[in-house]
Every structure is written in C-alpha cells, then in structure tokens.
Amino acid sequence: MNAIAVMLITQAVHGLAYGMLLFLVASGFTLIFGMMGILNIAHASFFMLAAYVAFQIMAWSGNFWLALLLAPLAIAFLGILMERVMLRRIRRFKLGKALVLFELMLTVGIMVCIEEAVKNIWGTDPQIINAPDALRGLIPCFGMTYPAYRLFIIGLACSILILLSIVLFKTRLGNIVRAAVQDAEMTVALGINVPLVFTFVFGLGTWLAGVAGVAAGPLLTVFPGLANQMLLDSFIVVALGGFGSLMGAFIISMFLGELTAFGVQFFPGYSTIILFGFMAFVLTFRPLGLFGERE
Amino acid sequence: MKRQFGKWCAWAMILGGLYMAPRVLGVFELNVLLGTAIFALFSLSLNLLLSFTGLLSFGHAMFFAAGAYGTVLVLTRLSGFPLLPLIGIGAAAAIGLALLLSPLLVRVSGHAFAMLTMAFSQIMYATVMKLSHITGGNDGISGFAIPSVSIPVVGVVDMALEQNFYYFAISILGLSAWVMWFFTRTPFGSIMVGIRDNPERVTYLGFSVPLSKAIILCVSAGFAGVAGSIYALFQNMVSVDGVLGPLSSFSPLINCFIGGLGTFIGPIFGTGIGTILLELMSAHPEQAQLVFSLVLIAIVLFLPGGVIMLYWKANTRWMAVRQNIQNRFFKRRIYE
Amino acid sequence: MKSIRAIAPPVTCICLLCLYIISMDIGAARAFTPLQADFSSYDPEKQEIPSGDTIKVGLLEPFSGQSASAGEISNWLLGWVVHDINSQGGIMVDGKMKKIQVIKADTATQPVVAKRALQRLILNDKVDFFVGTAGSHIAIIGNQMAEKYQKIFLNYSAYSVHLMNAQNFNRYTFRTCSTTDINARGLAYYFSKTPIRKFYILCQDYSYGQDFGASMKKALKEFVPTAEVVGEVYHPLWLKDFAPYLSKVQASGAEMIISSDWPPDSWNLMLAIDQMGMTIPVAGQFFDDPRMGENLKNKKVGLGNTVVNFHLCNVETERNSRFNKIFHERYKDNAKVQIDWPTGVVGGVIGHFYWFFDVVQRAGTLNTEKIINLWEGDTYESFAGKLTMRKCDHQAVMDMFVSTLVSPSKWSKTGNGLGYQEQAVRIPADIVMSPCPEGLK
C-alpha cells in the first residue's frame, strides 16, 4: 500500500474514532431535546464529570472496567435527580412558551456549577486515566497498525448504537418513547405515564454522556475545560442533524469527525470556519437541520 | 397623581445619583459603575430581541464586538477622528453586520435562530483570530489615546480623565436606553410583540414579518454596537476574549433573566446584581462563579420572574404573580 | 586616674553610640538570606496573612477559568518566598521591618477582567507593586497599568518577545523570565551540537505559539543551517484529539517535534504519541513534567524530549543543590504537589522572586524610582547562575539550560524512571540573548 493511501485511511479512522465519541454525547443531547424540548447546555458537563468520577474510581480501585460500569450510572443518577427535582419543578410553573428559556437558564446554571464544583474537588491540574493494559497496544489491521484503544471506542460506540436502535425501534418501551417524542400530549391521552418516560430518557441521555466521558478519559487528560469543546461540537451535531434525530446525529458526528481529521491534514486552521459556515448555510435553508422533521 | 409624583421623585434621584457619582465614589467604584452601565445597555439591546420579539440569540456578542472593533480600528488608523462620530461608527458597523446577516436570520425563528446566531458569532471569532495583523488576534488592540472633545463654550474636555469620560459615556448610554424604551412604545413596538405572540396575525394585518424582524435586528444590533463602542473606549482596549469570548453572548442572556423577562428595565437590575455579586466575591475569585451559578439556579427555581418580581411579590399574592409572568410574556405589552 | 574618670562617661557614651550605630547598621544591612525558614509548615492554602503596616504585593494571575492552575502554582511559588522572608522578620524598608502581604487578583485569563482586577489592586488595595502573569495578552495590560499608575510590574511568566519592544516597553515593567526568542535560540544552539536535522513545528494557535514557531524558524536558520523544518502546523488551544496531527507528523518523516504547548495540551500530545505507537521526541519548554513519565505505556516515549528553560534542577551549582535538597525534603512524599524536584519554571520563578525582594531590601525603600534605579543593571546570584537586569529593555539576561530526558534518571519521581539527564547543558547568555530592540525610549 502506498503512503498516501495509508495516510488517508489512518486519518479516516481517526475521524471515525472522534466521531463515535461525539455521537455518544450528541445522541443523548438530541434525544433529550427531541423528547422534552430541553436544550441541555449542561449535557457536556455531565460528560466531563463522568471522566472525573471515572478517575476517582480508578484511583480507588484501579479497575477501568469498574469505572466504565459505575461512573455512567452515577452520572445517570445525577441526571435523573436533576430532571426530577429541578426541571420538573419549573414545569409546574406553567410558563408556556417561556419554559424553554427557563430550562435553558437552569441548565446554564448547572453547567457552570458542575465545572466550578469539579475545580473545587479535583483542582485544575489535568489528571490521567490509564486504559487497561489489554487496550494500550497497537493492533495490526488491513496491513497497517492502529491504536487498540481507538478501535475499542469505535466498537463500544457501535454496540451502543445497535443496542439503542433495538431498544428504540423494536421494543414497546421504544415505541412509547418515540410516541412521546412525536406528540407528548397525545401519548398522555393514551394513558401512558409520560413524566416517567421523560425521566427515563433523561437518565438514558446522561448515561450515554457518561459512557462517552469515561471512554474519552484515557484518550485525553481529564481537565475542567473538557466540556467546552464537546458542548460546541454537540451543538453543531444536533443543529445540523436535526433536533431530535438520532440518525442525523450519527451522520453529522461522523462527518464532523472526518472533517476535523482531514481538515488537519489538508487545511489546518480553517476547519472551524468551514464547519460553522456550513452550519450557517444549512440552517438558513433548512432550519430544522438536515434530518430533522419538526421544530 | 401621587404615583406620578413618586415616579418623578425616583427619576430625580436616579439622575442626581448618576450626576453625583464621580464626586462621591472613588475612581475604581466609578469604573465599576460605568462598566455595569455599558453591559446594562448591551443586555437591554438583547432584551429587545428576547423579551419583545421572542427571538433567542446565542450570538448577540458579535454586534457588540462589531461596534468595539469598528470604533477602535477607525480610531487607531485615522488620526484626529472626533469622539462622537467614533461611536456612530461603532453603531454603523454593528448595523452593517446586522444588515448583512438579516436576509439569512429573518427566515428562521426559535432554536434555529439561536443556532444560526451562534454559528455566525463563531465564524466572527475565528475570523478575528485569523486576521491578527488587523485585529491584534489574541492580544487585541490596546493603549490608544481617546480623543478630546471640544465644546464651544466650555472648551476642550480631556477624555482621558475618568470623570469626564464618565459623564460623556453615561449620557450616551442613558440616551440610548431612553430611545430604546421609546422605540418599544411606538406602534412598531406592538408589531414586535405581535411577532413574538402570533406572527400569522401580524401578516394578516398587512405587515411583513421578515422585514419587521430585519428592522428590529438592526435596531438591536445598533444599540449593542453603541455599547461595544463605548466599552472599547472605556476599557481602552478591545480583545477577542473580552467581546467575543465563550460567555460574552450568554452573560447578557443571564442578565435579562436574573432581572426579569418581559420587562424593559429587568436587564438593568440583572446586570447590577451580577456586578454586585462579583464584587462581593472579589476576595475569593475561585468561588465567585460557583456562587453566581448557584444564585442563577436559585432564581430559576424560586423566583422565576427575576429580581423584579420581588417588587411584585411585595404587593400581590403569589398566584396573581404567576399569572403576571405569563401575561407579561405572552399577552400584554410592556409592563414596567 | 582623675583624667580617666573624667573622660570615662563621654568615652562610654561614644562607645555605646558606636555600638548602637554598628548594631543599627547591621540591622539595616541584615539581608534576609534565601532558604532560612522552616518549610515543613509551609502550605500555600493556609498562608498566614500579616497585618498592620506591610509591604503589599499584588499577585495578578488567573484563579478561575481554564488556566486557573497557573495561578495556583504562582501563588504557591510566591508564597514560598514570602513565607521564607516573613519568618525572618520581613524586609527593612524606610527604616522599619515590614512583612510582606500578598493580595491575589484574578485575571480569568481575560484582559478585561485583568484590567478591573488591577484597578482594584492599585486603587483599592493600594499595593506597592504587582507581579504576574500567565498570558501575554494579560501582561500587556499589566504593562499599561504599571505605566499609568507608576507601579512596578514584575513579569515572570509572559514570554512573548513583543511585550518589551518599543511599542510596549515602559520603565515600570521588568521581565525576569526568558522570551520565546531566547528559548528558541537556546534550543537551536543545542541542536547544532546534535545530529537531529528534521524538525516539525507543532504549536498552539495563538500569539505565544505563533511567536515561538516564528522564533524557532529564525533561530534554526541562524544556528543550524542544515536543519530542515519539514512541517508546521498550529492547533487550537485545549485540543481534543492529537491523532490527526500526529499522523501528519508521521508522514512528514520528522525526527523531532518542536512545540510550545503547555498542560493540558503538552500532556495530551505525549499521551497521543504513546497511543499511536510513535516514539518521536518533543522539544519545548514544558515537556519535562515528572508526573507524565509513569503514565506512558511505551517506556521509549519521552526519551530524548528536550527542554529549554531559564532554570533546571539538574544545574550543578552549590546554591542549586542546597535548594534542591530543601525543596525535595518538603515535597518528596507530598500527594498534593506531585512535583518533588524544583523543575524548570518552579525553581526559576522562586529564584526571581528572591531577586526582586532582594532588590527592594537593598533599595531600603518602597519608592518606585529608587527601586527602578537600583534594579536597572543589577546583578544577582540566583540558584542556577547569574541574573542581570538589562537596562535598555528591562529584560533579565541569564544563561539558558537545555536537558534531554533519559531513563533511568535520578531526577524522576521514582528515582529510576523518565527524567532529566544527569546534568543540564548550560548555554551562555551571550549566545541566546538577542540585542536590545530598536527604538526604545
């Protein structure tokens, strides 16, 4: 294989790995938005918090798999707590259209709060999570070698994607969730406990962010600014992919990952401008996003 | 009659207070006051979009930045440019940007509008960073001299002196705020509220919603530009983080919210409270943001009408207040 | 006998007077000596705040926002020196022993916040001088405010060359750290003695990174004419994924990456090199973090990393070994501060603070003009070598030090892991210093 092909394939896999990570975060973001109309600014903060919780669990037990199991659950618990205690409270104010703003401000407050709390607990120095030894080497594939951990991330995200699709499209629970996304009031009329479904989706979304946070840990050092970049990227994914569209989130995540990787290779420094330019273009002519069906 | 009198008294006190401020306060406190006033105007201009027209913007800072950079670039490149037109240039730069973007922005509303404004402000951020030979990039432009103003009778007024600049800036800010308030009272103000509550009806009444939105956007951008322009002169610098940073579009939103959505003067209160909080926490900068976020969360949860609601709460029952918020935001016009 | 009795009182008086004068003189000249205090009790978070008539020093640093750790580190270093001086009774100024009081001011690494914080420091807290700061865009504000309010500003951590050029220089600002230019020249000179010739410049995309990239290209041209810069790319701050950049580096055939990155970017770069199965060494100022080595799986990663700094702990001077010993004694088993040797910036900045307070002590006054006059052209024997304050642009002139990382190294955390080579290479000041900028007032 010649050098250029190797380079192209390597960059493509890099893009895929980051895209998958982004998808894990953005899928929760878009699910929560699609279902409850909440633009959860704190979503990426849960991602960052998960990385820290994983770091702490690693420090206590030294077991990465335990961290991967427990940290997302802890984050999901926090998310459910936030939904039941705070978001539900302001829903009771019956604010109509203005509710969106109240939820937005609440999540902005929570985002800042999480970031500052993390700084107070763990300090601002970067922390390192080590991947288990089995995942730290290089794996030869297709005539070249590739870091095992990145392949693990791709595999993890793929299996979660498949699991998620099965749950959402093949089970009764999935039917209810999709119905509630389509029309919450109608679903209530069918006698379904929609607030409970809301809680479930919120927990699921934050759990996904938590998984992404733990998975990102060994790839990057863990530091409080981790959330900012992820927030901006997941904003783009959700806006471009269409609010509430899982499929859109997946495609745009991949696209964004590849654009970043190839942008570095071919036009370094301009990928931000290109990306936001593209976003502006799409939103102008398709305000619902590329794959969105409704506001 | 009695209420009218009270109102006049309040105005006299506010004006007197602002006039006396340089004599009572030290330079530092005066600067804090002026800084708050500038951000209050910026928040007011955003409020025009948010509370009156119902447009959520995540990128209002770009107009603020356009004003700041416009003023500073003209000031540093063309020597001998007088002060007042400089602020006009700031406003013009912001309005120009709004005109340029309005064909795209007026097509959308709701979250798409928020996302689109965010995209444009990010593009502007990246562009300002890339054009560092013009804009100074990360370092920004700083240390320029502020031109003096010569007034026929009084003589030359040195604007490098804090007090003089304070009087100059506060009068422009006050005037801008008043013009904005007046704007909301004109028939056009009703169109704005109409667009917020029921755009179809506005169309049936024979007004063009996109055109009206464009006008509102330009007006709002213009005042944000004025705020940005004065801000750059006041700080004697413009830097990309200061005017376009990650939180610079969110902090006026937060100010509007803390003050009280749906009112005209809410943002002024919100900005003031934000400043006071940060000043109180100045000895513990590490905890300042944490406290601020907790206050924000507490206001959302327990005081959903913003600080201004404390006033309502004093004389109305809670249920009526809740009705009020709804009314203020959806059905009625302005409710100062 | 009688005569003796007659002259006895005046003689006694004179003798006593002499003794008194001598003792006073000793008191006045009693310089504090660095590293006298008991540091085992020193904790930057529980610093004793002296009250009463004190020397007030403003510490202008980010204590919130993304770079808050830089502020914490500075607070720790300044606190070390202040703890030392205060436990010796303080500094004699204007005929009075005064203790030093540090007042923190948060910049949040934003110029506007920094300006307001500085106004508070100067106008409200009435500091005697202020020190700082991370970020050259913040240091510029420091320069301007120092000039406006005529307060001395000690810049110990903003490296951009242009801070002290004709446009930004003023006589109230002093810089004790090196510059991007000096660092680049030090590195390039070192490379001229090594066989490495293919370099890849990978820096952060903002003024400090761009300055360093430009300086590096210039310096390589001057010292290593045969060197080849095979690629140059600037990445955003706090980059999320280094892999695409490293693939590009890999394809270019570079032998060494030159980077201005600081944590967390520098750490992420090293982690990414490890994960990608590469072993390419990195040169820069911040690629020597002792905490990094244990977390790299491939033990060959990091070998050959080259660091340049104005201080390194492996500089063998008598003063430095004493300092190393005291510092190591305090921090070797400290879980919180994981730096157990006073590596580059840590030791260097402590030395600079000692220099500054030594100048104040010798000036014997808080008068700005007198301190400036004394400091200009002043020479001080610091831990690693001589520091001289150049009069023309207030830039400290000093030898630079370069080290490569080896394993096992006695300077590593475990004593046999990745760390500095045995002894740093000293590059004399006259090689690394660039001439005074033109057009200074």
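We name chains A, B, ... by the order of the sequence lines, and we start the count at 1 in each one. The basis for the numbers below is simple: all heavy atoms, side chains too, and nothing from hydrogens, waters or symmetry mates.
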May I have the list of side-chain donor-acceptor pairs in residues 250-259 of chain A shorter than 3.5 Å, sequence neighbours left out?
residue, atom, partner, partner atom, Å
Ser253(A), OG, Ala249(A), O, 2.7
Glu258(A), OE2, Leu16(A), N, 3.2

Atom pairs and distances, side-chain donor-acceptor, residues 289-308 of chain B, under 3.5 Å, sequence neighbours left out:
residue, atom, partner, partner atom, Å
Ser293(B), OG, Gln289(B), O, 3.4
Ser293(B), OG, Leu290(B), O, 2.7

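Within a 6.0 Å sphere centred on CZ of Arg201(B), other residues, nucleotides and ligands contribute 12 heavy atoms or fewer. Heavy-atom contacts from other residues, nucleotides or ligands closer than 6.0 Å to OH of Tyr270(A) number 12 or fewer. Dense packing is recorded around CZ of Phe266(A), with more than 12 heavy atoms of other residues, nucleotides or ligands lying under 6.0 Å away. Crowding of Phe269(B) atom CZ: a count of heavy atoms from other residues, nucleotides or ligands under 6.0 Å not exceeding 12.
In summary, the aromatic rings of Phe102(A) and Phe257(B) are positioned with their centroids under 6.0 Å apart.
Residue-level contacts of residues 225-241 of chain A with chain B, in order of numbering, are Leu232(A), Phe235(A), Ala239(A); threshold 4.5 Å between heavy atoms. Of residues 104-114 of chain A, those residues lying under 4.5 Å from chain B by any heavy-atom pair are Leu104(A), Met105(A), Leu106(A), Val108(A), Gly109(A), Ile110(A), Val112(A), Cys113(A).
Contact annotation for Phe113(B): neither backbone nor side-chain heavy atoms come within less than 4.5 Å of a heavy atom of chain A. Contacts of Ile274(A) with chain B are absent, with no heavy-atom separation under 4.5 Å from either backbone or side chain. Residue Phe285(A) touches chain B through both its backbone and its side chain, counting heavy-atom pairs closer than 4.5 Å. Only the side chain of Leu56(B) comes within contact range of chain A, with heavy atoms under 4.5 Å apart.
Residues Leu101(A) and Leu261(B) meet the side-chain proximity criterion, which asks for heavy atoms closer than 4.5 Å. Ile41(A) places a side-chain heavy atom less than 4.5 Å from the side chain of Phe250(B).
A pairwise comparison of heavy atoms in Met115(B) and Met279(A) identifies O-CE, 3.5 Å as the closest pair. When all heavy atoms are compared, the tightest approach of Ile273(A) to Ala126(B) is CG1-CB, 3.5 Å.
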Discussion item. Side chain to side chain contact (heavy atoms under 4.5 Å, CB included), that's the test. Do Leu39(A) and Phe58(B) meet it? Break it down for me.
Written reply: CA-CA 12 Å; Leu39(A) 202 54; Phe58(B) 282 174; 3.8 Å; yes

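Taking the six-membered ring for Trp and thresholds of 30 and 60 degrees, His111(B) and Phe243(A) have ring planes inclined between 30 and 60 degrees apart.
Arg286(A) contributes atom CZ, which lies 12.0 Å from atom CZ of Arg107(B) (distance to the nearest 0.5 angstrom).
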